[in-house]
2 protein chains.
Amino acid sequence: MGKLMRENPDMAALAMEKLRAAGLRPTRQRIELAAHLFAGPDRHVTAESLHDEVVVSGIKVSLATVYNTLHQFTEAGLLRQVVVDAARGYFDTNTGNHQHFFLEDEGTLIDIPGDTITVAGVPTAPPGLCVDRVDVVVRVKRA
Amino acid sequence: MGKLMRENPDMAALAMEKLRAAGLRPTRQRIELAAHLFAGPDRHVTAESLHDEVVVSGIKVSLATVYNTLHQFTEAGLLRQVVVDAARGYFDTNTGNHQHFFLEDEGTLIDIPGDTITVAGVPTAPPGLCVDRVDVVVRVKRA
DNA sequence: AAGCAGTTTAGAACAATTCTAAATTGTGCG
DNA sequence: CGCACAATTTAGAATTGTTCTAAACTGCTT
Ligand SMILES: [Mn+2]
Ligand SMILES: [Mn+2]
Ligand SMILES: [Zn+2]
Ligand SMILES: [Zn+2]
């Protein structure tokens, strides 16, 4: 069950579709990255974790390109960033309204569906500012 | 209105008290840092911002000591860390239950009192884990 | 005052991320 | 097709925030 695009024309076609729709030129690297990110269920990646994964799958991509691509995908609305760790940035393929468990020992994220947690009483933003987003992070540890 | 401890024996005495109570030897550097952190209203600092501030006030402290001290204060329960930015760590003198506005353009934090926001429906932690804390960050931008 | 553990520090080391400038590639056009 | 050119990729250097190391220093006890 190889993951290379050249062995999965359907996934590649879908990825190219998605890239064109986002106004991004479908290059080998972007197609492979998009296939890894969007072919299965939602996921949370780090630039480095995604890079390792793609490199192992046999495609040559530089880490700089992974960073570029993650940022471009984010700007295009295909990904969103999640801030839970002051040392690492995470990217999330689930761009809808939802929250996270953060497993501090492992450094992994688990989605909490958007209608699970209710946040009430958020004060109005300070003058001249507006609320961009309300993030809830449930930090969990070994019991 | 100098901020040096040698000009403010009362603040220095209070800081020494606080340090002794926390089991930390009251050194020149720790006294100065504690005075800056705890003499006024609650605040949010970065290692670098606090270092700049203390250096300007005339005391010689290395950045490494600021990092060491911030971590020691945090372990002692005098500070807590706030994660809002993947590139920088923030420390908060308010260790009680409260939430934050994060001004993404400026990189500054504003406290939201602990009884303002209500979070309901937090699911139970995954097996073998327990909830350490639930953080809410209200990200705000220029209107 | 001396001794010593605890503390500070300069500077090196590290880790994550961004930048730069050159090489490569996708796409439109003749 | 095969060129031309802009868009993209890349290696490697640079930057940034933070931690580490090992040597110098300092607060406390005697
Ligand atoms: Mn205070
Ligand atoms: Mn960093
Ligand atoms: Zn998610
Ligand atoms: Zn706060």
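The analysis underlying the following values was restricted to heavy atoms, covering all of them including side chains, and did not include hydrogens, waters or symmetry mates.
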Visitor: When you check the phosphate oxygens OP1 and OP2 of D:dG27, does a side-chain N or O of B:R28 lie under 4.0 Å from one of them?
Guide: yes
Visitor: Figure out the NE2/C1' separation between A:H51 and C:dA15, and round it to whole Å.
Guide: 16 Å
Visitor: Among C:dT27, C:dA10, D:dT10, which nucleotide sits nearest the side chain of A:N68?
Guide: D:dT10
Visitor: Could you please name the option among D:dT9, D:dG17, C:dA16 that lies closest to any side-chain atom of B:R88?
Guide: D:dG17
Visitor: If I take atom CG in residue B:L63 and atom C1' in nucleotide C:dA12, what distance separates them, rounded to the nearest angstrom?
Guide: 14 Å
Visitor: Where the side chain of A:S49 meets the backbone of A:V45, is there a donor-acceptor pair that is under 3.5 Å apart?
Guide: no
Visitor: Can you tell me the distance, in whole Å, between the NZ atom of A:K60 and the C1' atom of C:dT25?
Guide: 11 Å
Visitor: Relative to the 5' end of DNA chain D, which residue comes earlier, B:G89 or B:M16, by the nucleotide with the nearest heavy atom?
Guide: B:G89
Visitor: Is the shortest side-chain N/O distance from A:R30 to OP1 or OP2 of D:dT8 below 4.0 Å?
Guide: yes
Visitor: Can you check the B:H71 NE2 to D:dG17 C1' distance for me, whole Å?
Guide: 11 Å
Visitor: Choose from D:dG17, C:dA16, C:dT7 the nucleotide whose nearest atom is closest to any side-chain atom of B:T27.
Guide: C:dT7
Visitor: Rounded to whole Å, how long is the line connecting atom CD of B:Q81 with atom P of D:dT19?
Guide: 8 Å
Visitor: Distance check: side-chain N/O of B:T65 vs OP1/OP2 of C:dT7, anything under 4.0 Å?
Guide: no
Visitor: Would you call B:K141-B:D105 a salt bridge at under 4.0 Å N-O?
Guide: no
Visitor: Nearest of D:dG17, C:dT25, D:dT10 to any side-chain atom of A:R25?
Guide: C:dT25
Visitor: Is there a side-chain contact between A:H36 and A:M11 (heavy atoms, below 4.5 Å)?
Guide: no
Visitor: Do A:R30 and A:L24 have side chains that get closer than 4.5 Å, going by heavy atoms?
Guide: yes
Visitor: At under 4.0 Å, does any side-chain N or O of B:T46 touch on OP1 or OP2 of D:dG17?
Guide: no
Visitor: Could you state the CD-C1' distance from A:E48 to C:dT18, rounded to the nearest angstrom?
Guide: 14 Å
Visitor: Roughly how many Å is it from CD in A:Q29 to C1' in D:dT8, rounded to a whole number?
Guide: 8 Å
Visitor: Under 4.0 Å, heavy atoms only, any strand: does A:A64 hit a base, just the sugar-phosphate, or nothing?
Guide: base
Visitor: Determine the sole option in A:D115, A:D42, A:T116, A:D92 for which the side-chain hydrogen bond (donor to acceptor under 3.5 Å, both in side chains) test with A:H98 is passed.
Guide: A:D92
Visitor: Respond yes when some side-chain nitrogen or oxygen of A:Y67 is under 4.0 Å from OP1 or OP2 of C:dT17, and no when none is.
Guide: yes
Visitor: Relative to the 5' end of DNA chain D, which residue comes earlier, B:P26 or A:A86, by the nucleotide with the nearest heavy atom?
Guide: A:A86
Visitor: Rounding to a whole Å, what distance do you find between B:E32:CD and C:dT8:C1'?
Guide: 15 Å
